[in-house]
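First up is the structure itself, then whatever we jot down about it.
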Amino acid sequence: MKHKLFSFINIAGLGIAIPFSLLCLIQVVVVFEADNFHPSPDRTYRIITDVKQANASTMKYATSPFALADNLKTNYPVVEKATPVVRGSTWGLTSNLKKINVNPIYVEPSFFEIFSFPLEKGVLPDLPNTLVITHEMAETFFGTENPIGKTLTHHDYGGFTVTGVLKPYKRGTHFRSDAMVSMKTFKDFTKLKNDLSAYTYVLIKPNSDKKDLDAALSMIAANTNKEITRSKEAFHFRRQLVTDISPAFEKLDNDAYVESYSDIAVNLGMALAIILLAAFNYINLTLARSLSRAKEVGIRKVTGALRYQLIAQFVCEAVLISFLALIAGYFILNLMKQFIHLHWITWEVDNNIALWIVFILFTIFIGIVAGFFPARILSGFQPVKVLKGTISPVSFGKMGFRKSLVVIQLVATCCFVFLIGSMFSQFEYMATDNENFNRKNIYNVPIAGNYKPLQNDIAINKNVERIGLVSTPFGGTSATCGIKKDNLGENSIANYYAANAEFITNMNLNFVAGKNLPESISDSASNFVVVNEQTLSMMGLGTPQEAVGKSIFLNNERMVIIQGVVKNFCYSIYQFATQPLVMQYDPAQFHVLSIKTRNDLPAKDFKADMQSIWKKYNPYDEFSFSDYEKELYNRYYPGADMQFMGMISFVVFIISIMGLIGMVTYNTEKRLKEIGIRKVMGASVSAIIKELSIGFLKLIIISGVICIPLGYLVSSSVVNVFAFNDGVNFKLLVILFCIIFFIALSTVIIKTAAAAIANPVKSLRTE
């Protein structure tokens with residue numbers, strides 16, 4: 001109560017840091033509560049596979065052979081129920097008006113008997129091309145309309161009938177999915193093999209012995225190893241309790257939506273980093289006031305206090321501050337909950353008692369960390385030195401420890417802001433990039449059936465420059481194909497796009513050798529392909545010039561000739577290096593018109609131009625299209641995520657500035673009489689401000705000298721995570737530092753100016 005400003009800075013600094021740390025801790029607790037809501041979690045197991053390689057190494061998979069579930073259910077009495085689950089790659093599903101990417105899984109009706117995903121309405125999917133969707137996805141696609149019986153269209157697999165809607169379920173599950181598709185659909189579209197394509201789940205009978213399941217798995221593995229043709233490989237199956245899947249104790253391939261201990265470490269590290277920055281304020285201000293508490297320490301020691309008692313006193317003071325900050329932080333956390341809505345953030349946990357225990361232990365930990373070091377220093381004062389006035393703050397060389405903490409805090413703040421700024425710059429690059437392929441003035445229109453009359457009518461529109469045809473636009477998922485140099489060789493996997501010459505021209509791809517696909521209006525697939533440089537590298541086809549004219553085998557069926565080679569470019573995910581790419585004219589797989597307009601035609605004008613043409617051939621369907629540039633911007637730029645990260649940066653910056661305010665305030669309070677004497681002796685306000693500010697200005701400059709190169713390294717490590725990046729935006733880093741420098745310097749000047757213009761009579765009236 002006596003030192004209100006310093007108490008406010010300590011409590012407020014921790015109070016605005018704690019909510020973000022608590023949010024990180026909630027995410028950690030949620031990981032341990034994953035998949036605990038199913039009917040019989042103590043009897044439900046996932047079967048995982050160890051594959052011993054020819055070189056004696058072992059690969060561990062979360063998946064298992066598709067037929068394993070049926071084998072267990074049919075032949076082994078210990079198993080009450082068993083079901084396979086297959087996770088599909090991202091689907092683009094289209095209703096009449098919307099195209100949305102969803103995450104599908106293929107399931108059998110028995111899946112819903114083992115796991116708790118109840119229906120809100122409708123029936124379970126069983127027939128081919130049927131699915132159920134989540135409550136949220138139903139609202140996204142159909143709004144308030146009843147989705148039962150409605151159709152969602154996939155560009156490769158056709159129409160899917162919505163048979164049901166799931167009740168909202170916990171996000172904490174590795175079955176995270178937007179659509180659950182009938183397993184008969186998967187069987188219709190896939191040639192089943194004895195490979196690791198499925199996730200197998202079993203429910204054992206009540207009171208049965210788990211060793212019976214182990215014995216069954218050993219027997220199946222022995223039989224499987226006799227049948228498989230893979231040379232010198234052996235399968236071994238293990239059970240894994242469904243509640244033990246998350247967090248992952250061991251690294252498994254194909255383990256989708258399962259948090260690892262490294263993910264937990266990231267959350268804990270973020271929580272600690274933010275809290276430590278706030279704790280620096282407490283340490284700094286406590287040490288700054290150390291001289292004023294020296295007499296207190298001396299008197300306590302003279303009257304018999306032991307050092308550990310003094311340490312306990314100062315640590316308890318810090319813990320008290322932490323608990324006051326926890327109260328403030330909890331209210332801020334509840335306020336954040338009302339305004340922050342991100343799909344990857346969970347706000348609720350099942351066991352609130354456990355969560356509060358974590359919160360309280362974390363708060364005590366904060367207090368101990370923030371209070372112990374100052375306590376060690378304060379409790380070490382010797383009464384004799386206090387009386388002689390020889391107490392001095394601990395130092396790092398010539399720079400005082402307190403000054404070092406100011407520098408560390410400013411450097412950490414700048415580096416954190418640089419980190420967020422670099423992430424923003426990279427996402428902005430991905431969202432607006434036109435170097436890899438062109439997005440400007442492109443509108444994509446989904447097509448089906450006989451599209452040529454529609455294409456011809458659109459082509460004569462005055463605003464249309466060119467119409468490309470493609471199986472699916474760049475920027476999303478693609479089909480794959482097998483390619484090899486000769487008929488006897490082993491297939492390699494490449495990404496495949498069915499495209500015509502006009503589409504490649506629309507995308508402005510850079511040819512390094514050869515030329516574009518031949519223009520064609522044929523109904524048959526072409527014998528020519530365009531590939532990227534990575535395809536040549538993988539297949540050993542020599543230089544681009546040497547590869548042109550060479551033949552390769554496509555999907556074990558067709559020999560095709562390389563017509564041209566394009567420069568490697570990012571056609572999907574910026575984070576990963578370019579994969580082999582094959583583009584071929586194949587009208588049977590065209591599902592999208594890629595329409596290039598002559599000018600920067602607004603979407604509403606494009607729709608007005610195309611509406612009447614579309615209705616001519618599709619009188620009962622709404623005209624749907626996407627503005628390619630806008631679609632990819634929304635896909636690549638996580639606006640809400642960046643706003644949240646920006647909020648964290650702002651909080652970190654505010655904490656740092658509050659610490660600086662506290663240090664400047666204390667420094668000026670110590671020098672009030674000196675300031676008064678200087679004014680009486682004729683010093684100007686500007687001269688006093690300069691005298692008081694110069695020390696802090698040096699600290700800010702030292703921080704800049706350290707943080708700019710360090711921030712560049714941090715930013716470089718971030719952007720280099722992405723195989724395709726625009727490099728470190730050094731100009732942005734300088735601008736961000738200048739903003740921080742200006743605000744920090746302004747803070748110092750404002751606080752020192754307030755002291756400089758004060759009436760010297762008040763500070764010298766007792767002299």
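Sequential numbering from 1 along the given sequence is applied to the chain's residues.
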State which residues pass ring-ring contact (aromatic ring centres under 6.0 Å, His included) with Y330; sequence neighbours excluded, sorted by chain then number. W356
What pairs with V30 under side-chain contact (heavy atoms from CB on, under 4.5 Å), at least two apart in sequence or on another chain? I26, T346, V349
Can you name the residues that form a side-chain hydrogen bond (donor to acceptor under 3.5 Å, both in side chains) with Y574, not counting sequence neighbours? D433, R439
Is the F186-F66 ring centre distance short of 6.0 angstrom? yes
For S40, what residues pass the side-chain contact (heavy atoms from CB on, under 4.5 Å) criterion, not counting sequence neighbours? D42, R43, T44, L203
List the residues meeting ring-ring contact (aromatic ring centres under 6.0 Å, His included) with Y45, not counting sequence neighbours, and say none if there are none. none
For K440, check side-chain hydrogen bond (donor to acceptor under 3.5 Å, both in side chains) against everything at least two apart and list the hits. E629
Can you name the side-chain hydrogen bond (donor to acceptor under 3.5 Å, both in side chains) partners of N434, sequence neighbours left out? none
Tell me the side chain to side chain donor-acceptor pair (under 3.5 Å) pairs involving residues 445-458, sequence neighbours left out? K452-D523, D457-K616, D457-Y617
Partners passing side-chain contact (heavy atoms from CB on, under 4.5 Å) against P104 (at least two apart in sequence or in another chain): W91, V181
Under a 3.5 Å threshold, yes or no: a donor from one side chain and an acceptor from the other, between T173 and D35? yes
Measuring centre to centre across the rings, with the benzene-like ring taken for any Trp, is Y429 within less than 6.0 Å of F722? no
Proximity of F175 and F115 rings by center, below 6.0 Å: yes
Go through the structure and list residues passing ring-ring contact (aromatic ring centres under 6.0 Å, His included) with F32, not counting sequence neighbours. none
Which residues share a ring-ring contact (aromatic ring centres under 6.0 Å, His included) with H174, sequence neighbours left out: Y201
Under the side-chain contact (heavy atoms from CB on, under 4.5 Å) test, residues paired with K150 that sit two or more places apart: F142, E145
Taking the six-membered ring for Trp and the full ring for Phe, Tyr or His, determine whether the centres of Y169 and F117 are under 6.0 Å apart. yes
